[in-house]
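A quick write-up on the structure given underneath.
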2 protein chains.
Amino acid sequence: MKAKATLKQIAKELNVSVSTVSKALNDSPEISEVTKVKIKEYAKLKNYKPNVIGLNLKNRKTKTIGVIIPNILNSFFAKVFSGIEKVADEKGYNVIMCISNESSEKEAHTLEMLSNGTIDGFIVSVSEEAQKNQDYDHFSAIINDGTPIVMFDRIAEGVDCDKVIVDDFDSALNSTQHLIDLGCKNIALLSSIDNLSVGKLRAEGYLKALEKNNIAVNSNIILRTDAEEDLKEKIEKIFENTIDGIFALEENDSVAALRIALKKGFKVPEDISIIGFADGILASRRLSPSLTTISQHGIEIGEVAAKLLIDRLESKEEHVPYETVVIKTKLKERESTRKL
Amino acid sequence: MKAKATLKQIAKELNVSVSTVSKALNDSPEISEVTKVKIKEYAKLKNYKPNVIGLNLKNRKTKTIGVIIPNILNSFFAKVFSGIEKVADEKGYNVIMCISNESSEKEAHTLEMLSNGTIDGFIVSVSEEAQKNQDYDHFSAIINDGTPIVMFDRIAEGVDCDKVIVDDFDSALNSTQHLIDLGCKNIALLSSIDNLSVGKLRAEGYLKALEKNNIAVNSNIILRTDAEEDLKEKIEKIFENTIDGIFALEENDSVAALRIALKKGFKVPEDISIIGFADGILASRRLSPSLTTISQHGIEIGEVAAKLLIDRLESKEEHVPYETVVIKTKLKERESTRKL
DNA sequence: ATTAACCTTTTAAATGTTTAGAGTATGAAA
DNA sequence: TTTCATACTCTAAACATTTAAAAGGTTAAT
């Protein structure tokens, strides 16, 4: 492990001052051609690369953004991340990634840790715990300290910052309407994410669609929970009622519903049509029958979030107003719904 | 955006020197109780947090590790990453993540970028392109410069560094043997990753099992390719031969094989048994019938890799010999294979 | 009273970089 | 020959931190 070349070492070796070396390497007109050539050649020989930390200290920025997501194994978040990484890379930014594991405390801790110089700004999707407890003070504190945050998907209503969301309400409304248009009279709602802001919005969209079509709400075929356990049992209970349509707010819910429907001998889509939100890539489109899904454009969400953040970081203006970008979802019709 | 508190500002405000403040906050015995209390209180009031970059420059390390993986949408890599993140977090390290997108050039560029002070060490799974071209110089260069690298899964044979691998050869051997034990006489091999080191090793394991059991190699039922396109067509061609077992080297391959088998009217596992390597979480165990898989313990791989790297970073010894840790896979018997 | 010992604080250097400003030499113009 | 501009290089400060070493002051011991 040979010591890395620094300006200081080069300066000493060539009997010039550190600043001469710096200026020569930055091609300053103050330095004579002869000296420049000499220094540049020597630097190349020694494979000199400016030390990033020295630069960071000088510039008081790091060209690094911190991403905090609840869980990388959820492929929606993985997709968003890949969008972030793509844009960050294009603009010369690094990405530090932290997993909150849905813990409010780890979220807060990470914000604290990274905001003291390590990163220039954050992109965050709020942890379940923080959403449940409406515990958003750690975000406000960081923003007040001057570190910008962009939130996506799971956002904190009260916190003033840039946000990127999916049109959860509208797409739930439209999807439910789609089921109604297909002739479904008894549409079950399956939600295992009723603790999340997005879950609530989607459920509201469903209810709105029923209301618009003068369909009475049947609470026997509505499952709104936040527990992972007994999901199967709970869904099976829903099946004890008459249903001809299922609207699932999460990929897990729709996959589980499909399996149960098939097991109970229903024909999909002939007897029951199923539409579900799809976080992921793998499951839904590969099942038989493949699931009609509402795709959430995870990659695009990530790209937009990264652009918002970097634009703010590089803006000369002090007080750019905060933006909320809504990404439109798209209904991907597959085999689990009849054709109109 | 109020300016963040620094030692300098505190020192000025309290009319002491910067070093007094530093020492007081670090609880140095050199400083009197009175002064300590005064400084600590003021620092707390101003919410002083030491600037990490200043520290990094001083300590010449950043407590940050760089992870370079080919693709975060592949859930095997997502799993490994979550293992890395977990250990890193426990030991107080941050993780910068970069996606190589299977590009050798981006891989090299990332190594270059980050190795000049930003990170203390790397964890890498080699890009497809680099593996194809045996283009590993960028790794050696970084290691020579004194930045440690730990490679996992897709490793570079010639490069001297810590490695974490799965026992690809042995597990392919054992899985094929398992199919043979089940009575399969004509076991097809499906590989769409024949360009990767792991793909080659697994194929060799398959061949070795046939050899051991004196089963002639039938090249008509062996598919070794590195192209994603026409995978379905290629697999369908394999089905034109007599087969009663399928050994798939990648999740995609096994899922595709299952669908095709079912479509062609085969009963699984009665007519054909299927075993596949499983990178992911979602697909295989949810299909009907669910797939028997070789699970790769992605999270454990990540944990071990992170431990290896951090141990090396924090070791006082200069020349700790490099290690190669082999993680044992496990056959998860599900519905796509008969019971013995 | 002198000195040693001690306690507390400050100075200065170090990490690697940039850059404003000062300094020096050379050549030309007056 | 003096002066001035020009061309080049160097000094020093800045970013935020730590720490060895020096310095200042008090107390106690000889």
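Below, chain A is the first sequence line, B the second, and so on; all start at residue 1.
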Requested in this report: Can you check each nucleotide of nucleotides 11-20 of chain D against protein heavy atoms at under 4.0 Å and return B for base, S for sugar-phosphate only, - for none, in 5' to 3' order?
Outcome: BB-BBBBBBB
**Report entry** Backbone of B:Leu73 reached by a side-chain donor or acceptor of B:Asn71 within 3.5 Å
**Finding:** yes
Query raised in the report: Any donor and acceptor pair, going by atom type alone, linking the side chain of B:Ser125 with main-chain N or O of B:Phe152 inside 3.5 Å?
Result: yes
**Report entry** Close side-chain approach of B:Glu85 and A:Ile72, heavy atoms under 4.5 Å
**Finding:** no
**Report entry** Pairs meeting criterion salt bridge (Lys or Arg N to Asp or Glu O under 4.0 Å) with involvement of residues 150-159 of chain B, two or more places apart
**Finding:** B:Glu102-B:Arg154
**Report entry** Side-chain donor or acceptor of B:Gln131 paired with backbone N/O of B:Ala156 under 3.5 Å
**Finding:** no
Query raised in the report: Within the distance-only criterion (no hydrogens, no angle test), does the side chain of B:Lys163 pair as donor or acceptor with the backbone N or O of B:Val159 below 3.5 angstrom?
Result: yes
Report summary line: Nt span of DNA chain C in reach of chain A heavy atoms at under 4.0 Å, 5' end first, is C:dT15 to C:dG21
Report summary line: The bend of the helix from C:dA1-D:dT30 to C:dA30-D:dT1, taken between the axes of its five terminal pairs at each end and rounded to 10°, is 100°
Report summary line: With sequence neighbours left out, the residues meeting side-chain contact (heavy atoms from CB on, under 4.5 Å) with B:Lys86 are B:Glu90, B:Glu303
Requested in this report: Check the pair B:Asn56 / B:Thr62 against side-chain hydrogen bond (donor to acceptor under 3.5 Å, both in side chains), numbers first and verdict last.
Outcome: CA-CA 5 Å; B:Asn56 288 345; B:Thr62 59; 5.5 Å; no
Requested in this report: Please tell me if the side chains of A:Val164 and A:Ile123 come closer than 4.5 Å, counting only heavy atoms from C-beta onward.
Outcome: no
Query raised in the report: Ion pair present between A:Asp27 and A:Lys36, side-chain N to carboxylate O less than 4.0 angstrom?
Result: yes
Requested in this report: Compare all side-chain heavy atoms of B:Arg60 with those of A:Asn51 and state whether any distance is below 4.5 angstrom.
Outcome: no
Query raised in the report: Counting distance only, does the side-chain N/O of B:Lys316 pair as donor-acceptor with the main-chain N or O of B:Glu314 below 3.5 Å?
Result: yes
Report summary line: Here the residues of residues 32-40 of chain B within 4.0 Å heavy-atom distance, strictly under, of DNA chain C are B:Ser32, B:Thr35
